[in-house]
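Written out below as structure tokens is the structure these notes cover.
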Amino acid sequence: MLESLLPQLDRLFDYRIPERLAPDARPGVRVKVPLRSAGRMTSGYIVEVTAHADFSGTLSELEEVVSAVPVLTPEVWALARSVADRAAGNASDVVRLAVPPRQVRVEKAFVARRAKAAEAAATAAVVAAAGNTESPESADPSGDTPNRTPIAGYGDNVIETALYRRARLSITAIPTVRQTSAGEWVGAWAETMAAMAAFTLGLGRSSILVVPDYRDQDQLETALRAHVDDADIARLDARQTNPERYAHFLSCLEERPRIIIGNRSVVYAPAFELGLIALWDDGDPLHDEPLSPYVSSRDVALIRQAQSGSALAFVSHSRSSEVQRLVELGFVDDVPQNPKFLPNVIPTSAQVSGDAFAQSARIPSSAWMAARKALETGPVLIQVARPGYAPVLACASCTNPAHCLVCDGPLRTQSKNSPPSCVLCGAIAAQWQCRHCEGTTFRLIGQGSARTAEELGRAFPATRIIVSDGTRSLTDVSEAPALVIATRGAEPVAAGGYHAVLLLDGERMLARESLTVAEDCLRWWSNAIALAAPRAPAIIVGVGGELARTLVTWQQNRFASDELADRRRLRFPPAVRVATVKGTPEAVAGAVKELHDSVHGEDSAKIDVLGPVPDEDDFVRSIVRFDYSVGQVVAATLRAAVIRNATSRRKIPGRPANFRPPPSLRVRFDDTEILD
DNA sequence: AGCACGCCGACT
DNA sequence: GTCGGCGTGCTC
């Protein structure tokens, strides 16, 4: 496999292995090979070693084995190929996500340590043979390992049995916090996932646990350390330096079961005897890969599960419509939580309290009183939509929104005494003048986390105020009374759970324009509510209707089912898949025609094309919607069109001799934002 | 990408 | 009759 970005080189090439390289030339190792003419080298990976080449011409010789460590295992290669095929992308792009950059020092240390271990094992084997001792114990195939903690909150052994059967599961997380055996507090979901991984480890198998961000990862790691030895955990995440990441990656290649945790790219980690892939909160957009070919970790997990035969679990408080679809198909099994501790959710319409602060923050009196009461005994969580002080500024005289004089972007205030600055370019609006009425003074609109904190501080003078937002986010707070103001997604875990949770900016959060607003809001709110102590009030302000009813009854699965039904009616994802086709008008028209040619007969109803509409640079854009059943044909057809356009690109007349136009056809599958 | 091959216009 | 322009296509 060549490390090339060119779609026309995204296939296997055969090379002859010279005698001197034969010992190291095994599948998975990094190599350098000649391509096209002498002296030009490309790097790549050996995928297969065979006695007879498929290629009929004369073979070039392998130039160099860069390192003897087989970093691209056959399983991961097969996964990369399937993922690329599904999204009409390059396998080498996927491999780049799967295999971190090589770090020579780290790799040498790994090789040396491994050689030493192998030597020690050989000596031990000799001693064992001489002494005729018992053979080393292997994992008990019958399943139940002694001393493990049961996975609580679900039916007896329901999850254990499912893991043993290697089932695919949608698990409704338990909406509260739990204390680990080491005394630390984490979301119950983390405890559940840790117990699942520990059980799988007891079966002698590895787990891959995928979380959206490092705050979730920290909780999961805390929970895991209470179940297993630290040496059984391997981490792969964006916070690590390159050497750290490579060291942990290499440790996954060892032939012993591990628990591998990290963000979305960890789904590609090599794993010894993979027994479980589990995703926390698969609806979080951080599971969507922003690099080509843009395949989300949910889809990668589904492909990997099919190839490895491992168990698969989607764990969340509110089920994504994608997983709902899989449940309705019968492909994934529903594991409901034991409804013993449902959260105490109270929706409140905007019946504003008489208190001065409550009025300015539009907090209803009942919520205000609940917060005041809860503060006597423990921490209270206040969820707001935005960070900063005043997220929006307007002209004080004409009330029109204020804009940056440099780039015309919107203005905001970061903290109380900081001058207004531009959201986009950061310029400080010094000599600002309104473009509508020549006014020169601002009016602050809305409350960001900092302004909410300041005003709450005034209302509760003796209370500790803690702010957790995008710029400064906390992972946990103590059980002492405090007001914790957090932007959605940045809520810290409180020891013992919050004594009250207030969700303030519901209306504003719902005002965002997106196909998935309702689903996203439900997820943000459910996740915050799940941080409450048992029976503590969770008050949601200014949200009514189906969403409020869903939270009160804690029936997110039914909401997901309704949501999916709506998408079916509209023929929107995930009821169907989508692909964007972008390029010159001729290239797009050609690709669309080929699609109609290859999806024909009774299948033709399974595909429809929206557009083309004009895009930037004389390009046009079409959106193809298609049923999952024709996904392979659609991907293969569009892939062929991309390759053809890359191979024979026409020169534009009247341009400089060496001018190369951009690729005249680009394809992107399953972009969740295109129909917003 | 980047290089070789080939087909057509201008030249000793 | 050949030299070299650049468009077209291939890379094991």
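Chain letters run A, B, ... following the sequence lines, proteins first, then strands; residues in each count from 1. Values in this document were obtained by computation on a predicted structure and should not be read as measured data.
Qualifying side chain to side chain donor-acceptor pair (under 3.5 Å) partners for A/H287, counting only residues two or more places apart in sequence or in other chains: A/S297. In this structure, the side chain to side chain donor-acceptor pair (under 3.5 Å) partners of A/D282, at least two apart in sequence or on a different chain, are A/R298, A/S320.
One atom, NZ of A/K32, and another, P of C/dC12, lie 16 Å apart when rounded to the nearest Å. Summarising the geometry, the separation between CE on A/M41 and P on C/dT11 is reported as 17 Å, rounded to the nearest angstrom. Rounded to an integer number of Å, the gap from CG of A/D10 to C1' of C/dT11 is 14 Å. One atom, CZ of A/R11, and another, C1' of C/dT11, lie 7 Å apart when rounded to the nearest Å. Rounded to whole angstrom, the span from the CD atom of A/Q8 across to the P atom of B/dG2 amounts to 13 Å. Nucleotide C/dC10 holds its C1' atom 16 Å from the CZ atom of A/R644, rounded to whole Å. In this structure, A/D54 atom CG and C/dT11 atom P are separated by 15 Å, rounded to whole Å. Across the protein-nucleic acid pair, A/E3 atom CD and C/dT11 atom C1' stand 17 Å apart, rounded to whole Å.
Heavy atoms from other residues, nucleotides or ligands lying under 6.0 Å from CZ of A/R256 number more than 12. Summarising the local packing, CD of A/E61 is surrounded by more than 12 heavy atoms from other residues, nucleotides or ligands at distances under 6.0 Å. Heavy atoms of other residues, nucleotides or ligands lying less than 6.0 angstrom from CG of A/D597 number more than 12.
Sorted by residue number, the members of residues 56-72 of chain A with any non-hydrogen atom under 4.0 Å from DNA chain C read A/T58, A/L59, A/S60.
Nearest to the side-chain atoms of A/L35 among the listed nucleotides B/dA1, C/dC12, C/dG9 stands C/dC12.
In this structure, A/R325 forms a cation-pi arrangement with A/Y628, its terminal cationic atom sitting closer than 6.0 Å to the ring centre and no more than 45° off the ring axis.
In this structure, A/F55 forms an aromatic stack with the base of C/dC12, since both conditions hold: centre separation below 5.5 Å and plane angle below 30°.
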